[in-house]
Every structure is written in C-alpha cells, then in structure tokens.
Amino acid sequence: MAATGSTTAGESAFYVTTPIYYVNDAPHLGHAYTTVAGDVLTRWHRQRGEKVWYLTGTDEHGQKIMRTAEANGVTPQQWCDKLVEEAWKPLWSHLSIANDDFIRTTEPRHTKRVQEFVQDLYDKGEIYRGGYEGPYCVGCEEYKSPGDLLEGDLCPVHKRQVEWLKEENYFFRLSDYGPRLLEFYESNPDFIQPASARNEVLQFVRQGLQDLSISRSTFDWGIPIPWDPKHVIYVWIDALLNYATAVGYGSDQIKFDATWPANVHLVGKDILRFHAVIWPAMLMANGLPLPGRVFANGWLMVGGEKMSKSNLTGISPRQLTDHFGVDAYRYYFLRAIPFGQDGSFSWEDFSARYTSELANDFGNLASRVAAMVGKYFDGVLPEAGNSGTAPEAVASGPAEQAIADGLAESTARADTLIGDNLDFAGGIAAIFDFVKQVNGYLTEQAPWKVAKDESPEGRARLATILYTAAESLRAIAVLLNPVMPATCAKLWASLGAEPHLGPLADQRVADVARWGRLPAGAHVTKGEILFPRLNDPKS
RNA sequence: GGGGCGGUAGCUCAGCCGGUCAGAGCAUCGGACUCAUAAUCCGUGGGUCGUGGGUUCAAGUCCCACCCGCCCUACCA
C-alpha cells in the first residue's frame, strides 16, 4: 500500500518520548499521566497520517535500585526484570498505551552506545577527570548541596551532622554551554514549554552553569566508564541518552536518521532541567541535532498535596480503572487538568465528569441515535437529503449545515490544540462542544415527533435528521479515538462503519469534517452502553 | 535569604496591554420534552474578585504592604 498523502519514505517520524521511569517502585498516577498524554498525542498524529514513533522505557541503574534489590535478596538485574515485567509493562498494556518501543537502560543496545558516546566526548576533551567534594550524609548516602543543610550542618532528612567528603570522578564541561544554550532558547522559543517552565530554565542558565559530575566510583550498578572501569556513569548521560540509543544511535543509522531528533520530550516538572539544559548540551557536545521541544507536565494534586512516592495518597491507577474503566481514566486527567499546569483532582470530580460528560453527553448521544435508527429504520441508516436527491456530501438544510459547520470548526480546533499545542484539555473540550451541539440538534428537530408523520416528506425529514446524527457520531468516534480507543471502537462497530470506511484507526483527521462519509445502508446497532452508570461513589 | 506563581460564585477555573469584567463548566432550583444510560434541551442563581492602603475620572485588571498556598534556588527519575 502506498504511503498516505502526507508521508513520504524519507520523512522523519514524529518522535515522542516519555521519561524513562526509575524502576525502584511500581508505577503511580504521575507516571501514567505522562504516558497517557504521550499516547494520545502519538495516536493523534498517527491519525493525521504521519509516521510516528512513541518511546517509553525504564531507568534501571543507580544506587537506590542496588540497595532495594539487596534488601529484597536479589540482584539488581533480577529486581529490575521483575518490576518491568510484572508492574510496568502490564500497566502500559492495561492503559492501552501503544508505544512503539520500550527501552531499558540495562539493555546492551543502550549500554554499549552509552560507552561509545562518553568515550567520544572524552576524546573530544569534553570530559575531564576531577574531584567532587561536598557535605555528605551517611544516612542518605549522598551529597547534599550546602544550601540544603540545616543550622549546624545537619542533614535535613536525618537531622545529623554531615561529613565533608571528597571523591574523584569525571566531569562534563557543561559550563561551556551556557551561552550556546541561551542562544538556542532564544531562537527556539517553543523549545521549553509551558512558558512558566521555560522562564525557570532561562533564569537558571543565566546564573551560570557548573560542570557536571558524570561518574561515581562508590557503587558499581551502572555502565562502566570505558577508559576507567572503576567508575560507572552516573545518571544523566546514561538516562538521557536512551532517547538516542533506542532509535538506533550508533547502531542503525537508517532508523536513526528516520527518527531523530525527538519532536517532543514529555517530562515531569522535576526532571525538566535535565532535559532542557544537560540534554541539549550533551547533544551539542557530540554534534547531534537537538530535539524540537521539551514539555513539562505538572503535578497531580490530591487534596492540595503533590502526589509522590512518599505520598501516594493511597490511589493507584488500577484502583481508578477498576471503578471508572480505562478509557474514562485516559480521558479524565487530560480533560480535567490543563496540560503543563499542576492540577488537583478528586474522586468526586472524576465521578462528576464521568457522569455528566461521558455517560450523559457522549454515551447517551450514541445510545439515543442508535436506538432511533433501530426503531424507525430497522437499523439501516437511511439516506439524507432534500426530497431524497441531495448529494451525500452536502448537508440537507440549515440545521444540518450548522451541524456540518460545527464539526468542521471543532475538528480544526481540536487538531491544532491536541496535535500542535499539546493542549489536551482544550482540544477535548472542542470535541465535546460538538457533542453538545448534536444533542441540541436532536432536541430541536425532535425526530420522535417527526416519526409520527408517515407521509413521504415526514419520512424523508426523519431520515435526514437521523442520518445527520449518525454521521456526526462517525466523526466523534474518529476524533475521540486517540483518547478513548476502546470506547470509540465500540461506537464504530455500533455505527456499522467499518465495512464501508475501514478500521477506525485508519481514519484521517483531515477527512473527519468531510460531510457524508458514513454511507446510507450502514447497519446501525444499539451495542452495549458506552459508559455504564457508576455504582457506589467509593471503593 | 533571593526569584517566580497563585488566592474570582458550593466545586474546578476564564478574565490580554485598567473603563458591559463580574464570567464558563459542573452542582442547585424552575420549565420543556420523552428517542435515550431517571438521559437531553432551555432558563435561573448575585460571589466584599485573599487583607489593608495608594494611583486614576475609572481597578480582580496598575503600585505598596501584609496574610495564605505552591514552585525554583544544580547533581534523588
């Protein structure tokens, strides 16, 4: 099959990454939030007909994992394997995440390239041997920055005296890159988003950068420095480089050229700086093209408190999907929280949106339309039109034209907001504006009243109304598919669309608003309720 | 300590460079309707716009102080 219109063989893929998550613990809502967002973004671009690559993965080195593994009586590798296979991958599968690859930093395809990369930087003089010294807390087993300490050089965590330690390690000449980074931010104003995040990074870089220590010799769970194996690479270069190694850096030049650089790196606020400062500097040092943008999403707040591993607030993704379902879960966080901002959420708010937006507005619309086509036309979608002769591609009358216009506008808005701006909340709202419009149309046209008129004119009018509603649902299914694929598949089936239009995922955003795609004769069936009413509010 | 952001109807939030800016959605209440998941559609509610000053003919919308919450201030993903 030929490439779709907008894609050519040599075109670079729309490449999106999530952070690689630290596998010390099981995934929580925050991880899922970022990963779902990336999934919706990439599904949207696939429906634009673009070549897409969506990467997620896990960060598996470091002292913490080493210690956790020890505490559990297994090797670090065993520990990582277990968590990845039993917790992380299953959750992504459960949440319908359609990632194209899953990279683990312990894989040879990664570790070998990382070694080549640092060797390269070393050969270029970008890395030098130096010493790090600072206040070290034995309890934390890590260095503190002087500003963190409490009165009397006490560790803020353990409230005990820190020790002044000195360690030899290797440094990356990050300090050289301040001016070039600022220049880059200047000429690429959208590189860091949202704007608030960008400002913080700018402020930070303007203060002047220090060189970055990139190795540790105090533990060995990591990638050895090739020229000095007593050292292992410390987090930054190891972790960040996954975005390159996963798409063939240093091993598969063709794939690399077809994918690199990333269009969007999704990150949490906590790791923004590494992605917006260290990462581009690393790439500059090695002469690689820089990514398109780094988008930092906010924290999920529960009752005004940040969700973190120390405060999971007792809610796991599974608990929510068990109650609300996977699609509603995917929908809720993106709809309720402006992407890039911190957002508070609650069980109550989730319930309210589920009922009002998903069940009442969307699910019920699908339900009432299918029911009426079944009742009045035996489930066979009738032909719309003026006196039965209007071309299918034209909406029949003023009321129908208003629907077609509304669809065109919602589609255009959603495409820009979701596909370009990563404004998922705004884009979903645009689609739901259309859902509401169709509900209003039905109330105004009152097909159940028209149905009592059995004259040919009456039948024709009824056909037009129901055709318009069903055709609207066809579009809604396509537009919402990136967000709620399982539900939209049900709707697609209910509309009997696939035999005529092909698989839902193959429907193009550019075609959504072209009126009259769903042909008369499609077999419309009631199908199951899209969003069943929730049981008890809690547990 | 320094820097940034936020505090607007019960809830979540819009309100750009000052003059219909006192709003939206949800919830509430009233009405219409019955195709549908007791759904839909229409209308409604009057909240000192954190506190106290100030500038101005005019201030959520600018200035100052203060109160409250959050974030950043480099090596924990």
Side-chain angles (χ1 to χ4, degrees), chain A residues 18-25 30-31 58-65 105 132 134 140-145 147-148 157 169 171-172 174 196-197 199-201 203-205 207-214 216 234-236 239-240 267-275 277-278 298-299 301 304-306 308-309 336-338 341-346 348-349 352-353 355-376 425 429 432 436 438-451 462 465-466 469 526 528-534:
Chain A
T18 72
I20 46 170
Y21 304 110
Y22 204 58
V23 291
N24 206 33
D25 290 308
H31 301 119
T58 45
D59 181 11
E60 310 189 354
H61 290 127
Q63 194 169 26
K64 261 188 196 169
I65 286 173
T105 57
Y132 185 87
C140 301
E141 293 188 48
E142 66 188 28
Y143 287 96
K144 298 293 171 185
S145 46
D148 287 342
V157 178
N169 40 33
F171 283 80
F172 168 54
L174 182 63
S196 55
N199 290 336
E200 282 184 5
V201 171
Q203 171 89 13
F204 171 74
V205 176
Q207 288 170 5
L209 299 172
Q210 296 174 14
D211 287 344
L212 184 74
S213 77
I214 57 149
R216 288 294 125 100
Y234 187 58
V235 60
W236 319 123
L240 291 165
V267 301
K269 280 200 319 194
D270 51 339
I271 53 173
L272 169 66
R273 182 176 305 147
F274 311 131
H275 287 77
V277 179
I278 297 174
W299 300 123
M301 321 279 275
E305 287 185 53
K306 170 190 152 192
S308 66
K309 51 181 179 267
I337 300 168
Q341 294 180 28
D342 288 348
S344 54
F345 88 95
S346 64
E348 291 70 20
D349 186 52
R353 287 187 185 275
T355 299
S356 169
E357 299 169 5
L358 294 178
N360 294 355
D361 290 344
F362 175 36
N364 182 57
L365 174 62
S367 187
R368 66 196 302 210
V369 171
M372 283 192 278
V373 173
K375 190 166 182 175
Y376 303 134
F432 270 73
K436 292 192 158 217
V438 178
N439 269 321
Y441 167 83
L442 283 178
T443 297
E444 279 176 28
Q445 301 306 321
W448 48 90
K449 284 183 181 168
V450 177
L462 179 61
I465 296 166
L466 293 185
K526 184 92 190 284
E528 64 183 295
I529 294 293
L530 261 29
F531 297 98
R533 310 210 76 77
L534 298 170

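Keep in mind that the numbers below use all heavy atoms, side chains included, and drop hydrogens, waters and symmetry copies. All values derive from a computational prediction rather than experimental measurement. Labels below follow one simple rule: chain letters A, B, ... track the order of the sequence lines, proteins then strands, and each chain is numbered from 1.
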*For Q203(A) and rA74(B), give me the distance from atom CD to atom P, rounded to whole Å.*
12 Å
*F345(A) has an atom CZ; how far is it from atom C1' of rC13(B), in whole Å?*
18 Å
Pick base, sugar-phosphate or nothing for [X], based on heavy-atom distances below 4.0 Å to the nucleic acid.
X: V235(A); value: sugar-phosphate
X: F274(A); value: sugar-phosphate
X: G440(A); value: sugar-phosphate
X: I20(A); value: nothing

Which value, in whole Å, describes the distance between the [atom1] atoms of nucleotides [N] and [M]?
N: rA9(B); M: rG25(B); atom1: C1'; value: 12 Å
N: rG7(B); M: rC62(B); atom1: P; value: 12 Å
N: rU61(B); M: rC5(B); atom1: P; value: 15 Å
N: rG30(B); M: rA22(B); atom1: C1'; value: 24 Å

*Does Y441(A) have a side-chain nitrogen or oxygen under 4.0 Å from the phosphate oxygens OP1 or OP2 of rU40(B)?*
no
*When you check the phosphate oxygens OP1 and OP2 of rU73(B), does a side-chain N or O of R273(A) lie under 4.0 Å from one of them?*
yes
_Summary of protein contacts for nucleotides 23-35 of chain B, nucleotide by nucleotide, where a base hit scores B, a sugar-phosphate-only hit scores S (4.0 Å, heavy atoms)_ = --SS------SSB
Show me the side-chain donor-acceptor pairs of residues 267-274 of chain A shorter than 3.5 Å, one per line, residues at least two apart or across chains.
from: K269(A); atom 1: NZ; to: D342(A); atom 2: OD1; distance (Å): 3.1
from: K269(A); atom 1: NZ; to: D342(A); atom 2: OD2; distance (Å): 3.1

*asked:* For a quick check, tell me whether the side chain of N364(A) and the base of rA36(B) share a donor-acceptor pair closer than 3.5 Å.
replied: yes
*How would RNA chain B look in dot-bracket form, 5' to 3', counting Watson-Crick and G-U wobble pairs with both distances under 3.5 Å and writing | for bases paired to another strand?*
(((((((..((((.........))))..((((.......))))......(((((.......))))))))))))....
